[in-house]
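Below you'll find the structure, written out as structure tokens, and then a few comments.
Fair warning: this is a prediction, and the values are worked out from it, not measured in the lab.
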Amino acid sequence: MTARPTLPSRGRAATAPAGRAATIATASPGPAPAVPARRPGGPGRVAAALVALLSVLLAAGCGDDAAPQPAPWHGGRIFLATGNTTGVYYQLGGGYADLISRYLPGYEARAEPTGASGENITRVTGGDMEIAFSLADTAADANAGRGAFQGRPQQVRALARVYRNYTHVLVRADAKITTLSDLRGGRVSTGSPRSGTDVIAGRLLTAAGIDPERDVRRARLSLPDTAARMRAGTLDAMFFSGGLPTPGITDLLAAAPGKFRFLPIADLIEPLTAAYGPVYAATDLPKEAYGTPTAVPTVTVANMILVSADMPDKLAYDLTALLFAHQTELGTVHPEGRNFDRSSAANTDPVPLHPGASRFYQNG
């Protein structure tokens, strides 16, 4: 995909690591200045909306036969809340943003790096972002008002269920760690605060009989920071939930061959399912993903693309249609872009489909 002009960054500024900017067409090529998060009704958004509305009114006045068109939602600016800069969310979010900018008239889009699932949901429902990538377990908690969203149900709707995330648990090769219970007393990164990785890491440790707040020295770190500390030897283990391959994991293993190994965790699927229902599944992390000697039994969870409940139906329909009309292009950004179809994408239960997305799956 050819890069397009980018929107100014919204909220916390971050940049892609060296060597990845060309993969993400809408990511800034260098450091972007930090700017305050924009909320509904802020000066920037109001001004953009007024300009768009004025353009429509002027066009309508040019001839009696011209049918007035609704102004683009949020002034035609769409920001996608993704995840860590070395994760799959950020790569696919960049590709999706490029599709929106290319093929959806009246709209420009940009992928923003974030702390992932939990943060993404609150930023979409708060009006700071328009689209969010999220793990299905975190999205289910948000919809029901439980877990990190206890007593605060979030008004999110799904456009699609997409590829599955694999839970990566990496430990130092020289450590005597063969099961999760061996992490007791260890230094463990459980991912960015409020991320889907942080949620599933805590649940897995609990299922293994470990209190994640008391029995390990827990660090809540982004994937780049986690990888740096793993290389430095200041962490014993790390969790990350991501698609295959996750660039940050690939880079970590390539930088230190033989220094780390994957821990099998699929034996914990029964207590996970008993506690949280069928949102998790046991499968193998294929040896081809990272060149491991054998496949590694692990736990997976689906991903969803979410929007706010107040997104216009037509826009939700068009955004959903883009995923399938240009899926081949999305797959060139990252292989996981190919790993969903219309039949599986509509299965977002317990998170409701947006009515516009539902109409696409029924009639599109």
Run the side chain to side chain donor-acceptor pair (under 3.5 Å) test on Asn120 and Thr114 for me, step by step, so that the C-alpha distance in whole Å, both residues' side-chain angles and the decisive distance to 0.1 Å come before the verdict.
CA-CA 7 Å; Asn120 293 353; Thr114 68; 2.5 Å; yes

Quick test of your reading: applying side chain to side chain donor-acceptor pair (under 3.5 Å), list the pairs with at least one residue in residues 292-306, sequence neighbours left out, ordered by first then second residue.
Tyr89-Asn303, Arg164-Thr300, Asn165-Asn303

Can you tell me which residue pairs pass the side chain to side chain donor-acceptor pair (under 3.5 Å) test with a partner in residues 256-273, sequence neighbours excluded?
none

Is it true that [Y] and [X] share a donor-acceptor pair across their side chains at a distance under 3.5 Å?
X	Y	answer
Thr122	Arg194	yes
Thr125	Gln154	yes
Arg220	Thr190	no
Ser222	Asn84	no
Glu329	Tyr103	yes
Thr197	Ser241	no
Tyr280	Arg203	yes

Can you classify the ring geometry of Phe240 versus His168 as parallel (below 30°), tilted (30 to 60°) or perpendicular (above 60°)?
tilted

Roughly how far apart are Asp141 CG and Arg152 CZ, rounded to 0.5 Å?
11.0 Å

Could you go step by step and tell me if Asp341 and Ser344 meet the side chain to side chain donor-acceptor pair (under 3.5 Å) rule?
CA-CA 6 Å; Asp341 56 36; Ser344 65; 3.0 Å; yes

Distance-only, no hydrogens or angles: does the [X] side chain make a donor-acceptor pair with backbone N or O of [Y] under 3.5 Å?
X	Y	answer
Asn363	Phe360	no
His326	Ile100	no
Asp236	Arg187	yes

Check: Tyr290 ring centre within less than 6.0 Å of Phe262 ring centre
yes

I'd like to know if [X] pairs up with [Y] as an ion pair, taking the criterion as any Lys NZ or Arg NE/NH1/NH2 lying under 4.0 Å from an Asp or Glu carboxylate oxygen.
X	Y	result
Arg229	Asp225	no
Arg218	Glu213	yes
Arg110	Glu112	yes

State, yes or no, whether a side-chain contact exists between Val171 and Met238 at a heavy-atom distance under 4.5 Å.
no

